[in-house]
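Below: one structure, written as structure tokens.
Sequence positions, counted from 1, serve as the residue numbers for this chain.
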Amino acid sequence: MMAQGNDAVTFEMKLSKPKLGLNERLRVDFVMNRDGDNFNPPDFEGFKVIMGPSQSISSSWINGVRSYSKSYSYTLSPTAKGKFTIKQATIVIGGETYKSLASEVEVTAAVDKPSDQMTADDVADENLHLVAEISKTDPFLNEAITVIYKLYVSPNISVSNYQPLDNPTYNNFWSQDIKVSALSAQNGTYKGKPYRYVILKRVVLYPQKSGKLDIEPLSLDVTVDVPTGRRDFFGQRMYAQTNKTVSAGNRTINVKPLPLADQPSDFNGAVGDFDFAVTTSKKSLNATESLQATVEVNGKGNLKLFKLPELELPSSLEVYEPEFTEGVRTTLAGMQGKVSNQYTIVPSFRGKYPIAPLSFSFFNPTTEKYTTLTSDEIVINVLEGPLSSDSNSDASTNSSKQSVVASKNQFNFIKLTPNLTSRSISYFFGSTSFYLWLLCPLLLIPLAIVFRKKRDAIVGDVAGNKIRRANKLARKYLSAAKKQLGNKDSFYVALERALHNYLKAKLKIETSDFSKDKIVELLHKKEIEKSTIQGFIALLENCEAARYSPFSDVQMQADYATASEVISLMDKQL
């Protein structure tokens, strides 16, 4: 009960819980903000008083204002199941009688573990939950899904710190983290109960394989403050601190394969909703001038995970390798933006050159249908310049009759004095060549002896022969990688095989022993420079990343050049 005004008197009853088991305990506090006399408790029907009343008083001065609190506390044990009413208590304050409001309590059957016997770890387990919320559990192959990790905290406890223990690797997914700028608590519900939650991590995934795929759990070590039933000298509730490991748990999604029915022949793995265009910077120009032709795809979908269609041009137009441009941002809705290839074209001859229409197909997961977009035909008009060879041949045919024009130097003067020399007959027998051929076998005998010793030494050097064979094999695979430039998968398979065989030759270890940590350790023992080791490991990591990520021709050229340089440096240092 309360009185109105600035100096209002309050007298109220507080229960530790509105519902409890038959084997649990109930704490009842009668709290007032003024000192009173003649406190009269209720009869506590349906309960047995096992402790109390205990009295506590707290008083403080803050900025000249006095704060006062006095309480009478009881610990009760229920005697039967059912709903019971804790009736009013009375007290006299300042000559007036104040009454508390009655409260209802429900007593249920005995619980397995009474709350008053639960440890801080038990309370944390019941009031702390890490949940991975997935936007879609049955996406199509290469369709974006979002995973949001939320930490739910009950109002009964508080969290003072957390530390990640195990971050998911997202095998068989292309993944992109979405940065969480600030951790802000929000109100929500968990299994129908009020909770506060914070978003810890957000990630966008594109499945690269159909079928059932597991999303590994995120694990955290969380420091939790759990309130106890005890109070300090000033009446403030005391807390117990504990560390709990929480995990989002394994989640499985069922990735649907793209339908094969009605799949266009030019489909190249694009999934989403896109626009497609082929444009040129100009349509009329002179020979030896240049123009740019752009093949562009924009929209929303797996923009980084498919290959753009290649421009088909007449053979009489000189075209350079395209320059790839990417303007893609990743949000919770997935990738959106545009990717393009820009070709530089230089015509050599006068004439009109058509660029045939180009088609681009994609699968739309919303409509679950394939869509094919086709560009318009573009005609390049070369206004000035030489005619092509075909045009020249036609011109020569039409003007086959030509007048003969005599030149002053057309006929030379006949020489009257010949410059003739006599031919002498030479015989091989007794000549210098005869004696050289006669002595050659004798001169070759010492060379044959030296060669024989050298060959025997090479045959006896088993380890050296093994190294030479492995070196030869490494050069072979580097050569194979060079031939596959432009073909990402084949190039990086050949490059990784060459790197492994080179190590096998130089470090004399079997392929089964290979791991990046093992390689780094052995190269350090061989006193290889740190920068060379880092370059070698970076190449291996690029080979692994190429299985799930797109790599441009420029990146492949750079990796091939780096491989040649790293192997050369290691040869000098080993």
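- For D177, the salt bridge (charged side-chain N to carboxylate O under 4.0 Å, His left out) partners at least two apart in sequence or on another chain are K201.
- The closest side-chain donor-acceptor pair between Q342 and T325, if any, does not fall under 3.5 angstrom.
- The distance from the OG1 atom of T294 to the CD atom of E323 is 9.5 Å, given to the nearest 0.5 Å.
- The distance from the OG atom of S490 to the CG atom of L485 is 11.0 Å, given to the nearest 0.5 Å.
- In this structure, the separation between NZ on K150 and CD1 on I199 is 5.5 Å, given to the nearest 0.5 Å.
- Using bins of under 30°, 30° to 60° and over 60° for the plane-to-plane angle, the ring pair Y195/Y152 lands in the perpendicular bin.
- Heavy atoms from other residues, nucleotides or ligands lying under 6.0 Å from NZ of K338 number 12 at most.
- Heavy-atom neighbours of E312 CD from other residues, nucleotides or ligands within 6.0 Å: at or below the threshold of 12.
- Side-chain contact check for N142 and Q208: at least one donor-acceptor pair (N or O, by modelled atom type) lies under 3.5 Å.
- Counting heavy atoms of neighbouring residues, nucleotides and ligands inside a 6.0 Å radius, atom NZ of K19 does not exceed 12 of them.
- Between F276 and V295 there is a side-chain heavy-atom pair separated by less than 4.5 Å.
- Listed by chain and number, the residues in a side chain to side chain donor-acceptor pair (under 3.5 Å) with K136 are E143 (sequence neighbours excluded).
- Residues S154 and N127 have side chains that bring a donor and an acceptor to within less than 3.5 angstrom of each other.
- In this structure, CG in L130 is found 14.0 Å from NZ in K244, a value given to the nearest 0.5 Å.
- For the side chain to side chain contact (heavy atoms under 4.5 Å, CB included) test with N298, the passing option among V328, D275, V339 is D275; the others fail.
- Smallest separation of non-hydrogen atoms from L303 and G299: CD1-O, 3.6 Å.
- No option in F267, F274, F362 other than F274 meets the side chain to side chain contact (heavy atoms under 4.5 Å, CB included) test with F306.
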